[in-house]
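In listed order, ligands and their atoms are each counted from 1.
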Amino acid sequence: MDPVPDCLFCRIVTREIPADLVLEWEDVLAFRDVNPQAAVHVLVIPKEHIPSLAALEQRHDRLLATLVGAVNEVARQDAVDGGFRVVTNIGPDAGQSVDHLHLHVLGGRSFGWPPG
Ligand code: 5GP
Ligand code: ZN
């Protein structure tokens with residue numbers, strides 16, 4: 001799918017908006033969250049505009065595996081040895097604010113459970 005002009009993360013993919021990149025693969029980009037909620041807070045996104053995890057289709061199976069691989073690579077690079085959390089918000093009740101699939105990788109502190 002082509003970049004969506006008014007999508008913030010598509011505009012990061014096309015470099016219209018700068019971001020602190022930590023990883024770039026053919027289909028995937030990872031960059032630091034502008035408003036970090038932990039010492040490590042990286043967003044892992046597909047370059048393709050997919051609105052959320054709930055919009056994934058079977059044709060995305062390989063992309064999904066690549067996204068998980070990128071999450072693990074980000075965690076390895078940032079050495080979150082004590083553990084880390086992976087979060088993706090889907091829809092308004094979960095607080096999704098950018099409608100382009102992104103996996104939050106959070107680490108460098110301990111996290112409560114259940115989440116808020
Ligand atoms: P959501 O609320 O959709 O799960 O997560 C969106 C995330 O994008 C938030 O954590 C927010 O801080 C981050 N964010 C919003 N705008 C920007 C931006 O322009 N650059 C970066 N790097 N992160 C952003
Ligand atoms: Zn997008």
If you measure from each non-hydrogen atom of [X] to ligand 1, which part falls under 4.0 Å: side chain, backbone, both or neither?
{"X": "Leu8", "result": "side chain"}
{"X": "Arg32", "result": "backbone"}
{"X": "Ile17", "result": "neither"}
{"X": "Ser97", "result": "both"}

d(Arg59 CZ, Leu56 CG) to nearest 0.5 Å is 9.5 Å
So the atoms of ligand 1 within less than 4.0 Å of a heavy atom of Asn35 turn out to be 12 (O)
Within 4.0 Å of some non-hydrogen atom of Phe31, the atoms of ligand 1 are 22 (N)
Using distance alone, determine whether [X] and ligand 1 share an N or O pair under 3.5 Å.
{"X": "Val98", "answer": "yes"}
{"X": "His41", "answer": "no"}
{"X": "Gln96", "answer": "no"}

(message) Determine whether the aromatic ring centres of residues His100 and His102 are separated by less than 6.0 angstrom.
(response) no
Exercise. Can you tell me if His60 uses its side chain to pair, donor with acceptor, with the backbone of Glu57 under 3.5 Å?
Worked result: yes
Treating Arg32 as the side-chain partner and Leu43 as the backbone partner, does any N or O pair qualify as donor plus acceptor under 3.5 Å?
no
Are side-chain heavy atoms of Gln37 and Leu106 found at a separation under 4.5 Å?
-> yes
